[in-house]
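One structure is given here, and the rest of the page talks about it.
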Amino acid sequence: MKAPFIPQNAPYSDTQRAWLGGFFAGMHSHMVRSAGSISPVDARTLHILYGSQTGNSESLANDAAARAKSHGLMPAVKSMDEVEIGQLANMEYLLIITSTYGEGAMPDNAEMLWEAANRDTAPRLDNVNYSVLALGDTSYDLFCQAGIDWDNRLAALGAKRLFDRVDCDVDFETPAEKWISEVIPLMADGATTVAVMDTETHTTKSVYNRKNPFPAKMRVNRIVTALDSSKETRHYEISIAGSNLSYEAGDALCVIPSNCPELVADIVKALGCTGAEDEPVNGDLMTLSEALRTHFEIKLPSKELIEEIANRSGDQELGGLLLSGDKDKLADYLWGRDILDLLLQFPGVEFSAAEFLALLKPLQHRAYSISSSGKKHPDSVHLTVASVRYDARGRGHKGVCSTYLADLVDENTDVRIFFTPNNHFRVPNDDSLPMIMVGPGTGIAPFRAFLQEREFRKAPGKNWLFFGDRNASTDFIYREEIEAMQAGGLLTRLDLAFSRDQEEKIYVQDRMKENGAELYAWLEQGGYFFVCGDAYRMAKDVDQALHDVIRIHGHKSEAEAVDYVNQLKKDKRYVRDVY
Ligand SMILES: Cc1cc2nc3c(=O)[nH]c(=O)nc-3n(C[C@H](O)[C@H](O)[C@H](O)COP(=O)(O)OP(=O)(O)OC[C@H]3O[C@@H](n4cnc5c(N)ncnc54)[C@H](O)[C@@H]3O)c2cc1C
Ligand SMILES: NC(=O)c1ccc[n+]([C@@H]2O[C@H](COP(=O)([O-])OP(=O)(O)OC[C@H]3O[C@@H](n4cnc5c(N)ncnc54)[C@H](OP(=O)(O)O)[C@@H]3O)[C@@H](O)[C@H]2O)c1
Ligand SMILES: Cc1cc2nc3c(=O)[nH]c(=O)nc-3n(C[C@H](O)[C@H](O)[C@H](O)COP(=O)(O)O)c2cc1C
C-alpha cells in the first residue's frame, strides 16, 4: 500500500508527521479501526527514554514503541542524552528502559540526565505517569541499580508510578516482553487513540539472535602476541558468508561458548558423579556432563552456590565474609576462584547432581568488539581476543569463551554467533572530521575496524590512535598493519604507551597529556573522541586525562572543562565502548 499523502498544511507537528508516515507505512493490509471524529493529532504521546551501553535497552525501547503504535499511541523514543531535564516535566506518559553499568552505575548515555535529575534544581514531575524496565545481571552486586535509582528518583520528584518496575537478568527477553505487553495498555488507558487492529511490529531485526544464533565457521585463529609474551591475544576471522548478515564498524559480536570438557570432567568427579546421570534441563533430558558442557556457567560461581557452600560447610571465613556484607573483601576472596576451586576446597559438602545444577546460572554468551569493517570484509567478522588463562590454587584456570575460541573451535565446528549493534559507537558521518581513538590492549579492536572503514570510504579526516600494552617487543599487536597505515597517511598520528618497558608505568593517558595542546586542537576542529577497553581503571583515568587536557589547554576552570566534556557527550563526539 502506498503511504497516504499528508498535506503540508495539515496541522501536524514534525514528530506527528514522522509518526504518521511510519503509522501508515506500517499499515500494509491491516485493518484500521475507523478513527471517526478522532484525529491522529490528538493521539497520546508515549515518551520512551533509554539508557543503553550495548544496545539491549535501545532495542527494547524500539519494541515498546512498535507495541505502543499498535495501541494507537504516538511513541517518541529517545536516548537519554537527547533529553534535557526540563523536558521531563512535560512527558506525561513516560517509560524508562535502562541497563546498569560499571558497578551499579548509569550507562554513559544516561549519566548527564541522571546528574541533572539529582540536582536541587530538578523540576517537579507531578504530571508524569511512568514505569521503569531495568536491565542487569545478577552476577553483579548492584543488580539493576540504575533502573532502581531512576524508579526511586522519579517517585521522589512526584511522578506517579503507573506500573511496577521490572528488573531483568541476562535472560531479559521474556520478562521485558511481559512488561511491554502489560505496561502499554495502561499507558493507553483512557487515551484518545488511533488504533491499528493487530500487534504486528515493523522494526527490522536480524533473524539471528541469542535464542537463534547463526552457526558460523572459524576461518582464522592466529596468535598476535609474541610466543614469549606474558599474555595471549588472538586474531579471529569468522565467516558469515551466505548468512545475509551484515554489520557496521563499532558493533559487537556475541559468541555462545561451550565449556571445556576437562573442566566438566573434573567437576563431575568432585561431585562424586559419573556424568552419565540423566538430568532434566529446559524440558529435555540430558546427561549431567552434557548439561554442564553446554547449558550452565561452570566457572564463575553464582551467589546461590556460594551461600549454599558456606551454609553446608559452616566455614567461618566464607560465612563471615557473606555475613559481614563487606563486598570488597568478598570480591577479593572470590577473585579468580572458580566453582571447581570451591568444590575442592570443601570436599565435605555434597550435592546431588540435581541440587548442584539448580545452583548454577545458565551459560551466557560473551560480547566482543568487532575488529573489521563490514564494508571491507562483508563475508567475515574479525575479533581481537585476549585469552584468559591463569594459575591459582595449584591449577590452571581458563576463561570460558576466550579459550573456547582459542582451543575448542576448529574449521569444522559451528561457532554460534549473533550481532549486537552499537549505534552510538560509529565512525563520524562527516568524513572530514578528525577521529581520536584511545584503545590499549584489546581496546584496539573497534579502531582497527574504524580505520578500515575510513580507508574504504576514502575519508580525508585525520586519524589519531593511542595504543598501548605491556611490552612493545611482544604485545604490539597488528604492528605491521598499523605502521603501514601510518606510512600510507591513513593514520595521521600514532602514540604508543608500553607500560612494562620501563620502571615507571606509562599509560595511554600519559601520552594524551604529553600531547595535550594538539589533542585539544583536534577537539576544537570538531574531532571525535573514542575510548575502548577496560572500564574499571583505564576508561576512568582516560576520562580524567581528557578533562585535564581541556582544562589546561583550553584555559578553562574545572567546571568549564566538565561543561565542555558534557557538550562533547551530547554531540556524541565522546563515546565509549568499555567493558
Ligand atoms: C561490549 C563488550 C566488548 C568486549 N570486547 C572485547 C574484545 O574485543 N576483546 C576481548 O578480549 N574481550 C572483550 N570483551 C570481554 C569479553 O566479553 C569477555 O569478558 C572476556 O573474553 C572474558 O571472557 P571469558 O569467558 O574468556 O572469561 P570468564 O569465564 O568470563 O572469566 C573471566 C573471569 O576470570 C577471572 N579472571 C580473569 N583473569 C584473571 C586473573 N589473571 N587472575 C584471577 N582471576 C582472573 C575474573 O573473575 C574474570 O571475571 C568485551 C566485553 C564487552 C561487554
Ligand atoms: N571488565 C572486564 O571484565 C575486563 C575489562 C578489560 C579487560 N578484560 C579482560 O582482560 C584481558 C586482557 O585485557 P586487555 O588486553 O584489553 O588489557 P590489559 O591487559 O588489562 O591492559 C592493556 C594495557 O593497559 C594498561 N593499563 C592498566 N591499567 C591502566 C590504566 N589505569 N590506565 C591505562 N592503561 C592501563 C596495562 O598495563 P599494566 O598491566 O602493565 O598495568 C596494559 O599495558 C581480556 O581477557 C579482557 O577481556 C576484562
Ligand atoms: C562492564 C559491565 C558492567 C556491568 N555492570 C552491571 C551492574 O553493576 N549491575 C547490573 O545489574 N548489571 C551490570 N551489567 C550488565 C548489563 O546491565 C546488561 O548486560 C544489560 O543487558 C546491558 O544492556 P544495554 O545493552 O542496554 O547496555 C554490566 C555489564 C558490563 C559489560
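First listed ligand is number 1; within each ligand, the first listed atom is number 1.
- Of the protein's heavy atoms, D137 CB, 3.7 Å lies nearest to atom 15 (C) of ligand 3.
- Of all the heavy atoms of T384, the ones lying under 4.0 Å from any atom of ligand 1 belong exclusively to the backbone.
- The backbone and the side chain of T442 each have at least one atom closer than 4.0 Å to an atom of ligand 2 (non-hydrogen atoms only).
- When the heavy-atom distances from atom 37 (O) of ligand 2 to A386, A539, S499 are ranked, the shortest goes to S499.
- Residue contacts with ligand 1, taken as heavy atom pairs separated by less than 4.0 Å, involve T54 solely via side-chain atoms from C-beta onward.
- Within the 4.0 Å heavy-atom shell around ligand 3 one finds G102.
- A side-chain donor-acceptor contact under 3.5 Å links D475 and S229.
- In terms of polar-atom proximity, S52 is counted as a contact of ligand 3, with an N or O under 3.5 Å from an N or O of the ligand.
- The heavy atom nearest to atom 28 (N) of ligand 2, out of those in Y579, F467, Y507, Y368, is found in Y507.
- Distances from atom 18 (C) of ligand 3 to the heavy atoms of A134, P107, G136 put G136 nearest.
- In this structure, a donor-acceptor pair under 3.5 Å is present between the side chains of H382 and R448.
- Considering all non-hydrogen atoms of both residues, D577 and P446 come closest at OD2-CG, 4.1 Å.
- Across F172, Y101, Y579, Y536, heavy-atom proximity to atom 19 (O) of ligand 3 is greatest for Y101.
- Taking a 6.0 Å sphere around CD of E480, one finds it holds 12 or fewer heavy atoms contributed by other residues, nucleotides or ligands.
- Minimum interatomic distance between A226 and S473 (heavy atoms only, all atoms of both residues): CB-O, 4.3 Å.
- With a 4.0 Å heavy-atom cut-off, ligand 1 is reached by the backbone of V400 and by its side chain too.
- Annotation: atom 36 (N) of ligand 1 to nearest protein heavy atom, Y390 CE2, 3.5 Å.
- Evaluated by nearest non-hydrogen atom to atom 3 (C) of ligand 3, the leading choice among F143, Y140, Y50 is Y140.
- Y208 and F214 have perpendicular rings, their planes meeting at more than 60° on a 0 to 90° scale where under 30° would count as parallel.
- Assignment of A386 to the shell around ligand 1 is supported, since a heavy atom sits closer than 4.0 Å.
- Ligand 1 has a nitrogen or oxygen under 3.5 angstrom from a nitrogen or oxygen of S402.
- The distance criterion of under 3.5 Å between nitrogen or oxygen atoms is not met by T233 with respect to ligand 2.
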#### Entry: Test log, rule side-chain contact (heavy atoms from CB on, under 4.5 Å), inputs D137 and D169
CA-CA 5 Å; D137 179 340; D169 201 352; 3.9 Å; yes
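- Counting heavy atoms closer than 4.0 Å to ligand 1, residue Y579 contributes side-chain atoms (C-beta onward) but none from N, CA, C or O.
- Counting heavy atoms closer than 4.0 Å to ligand 2, residue K540 contributes nothing at all.
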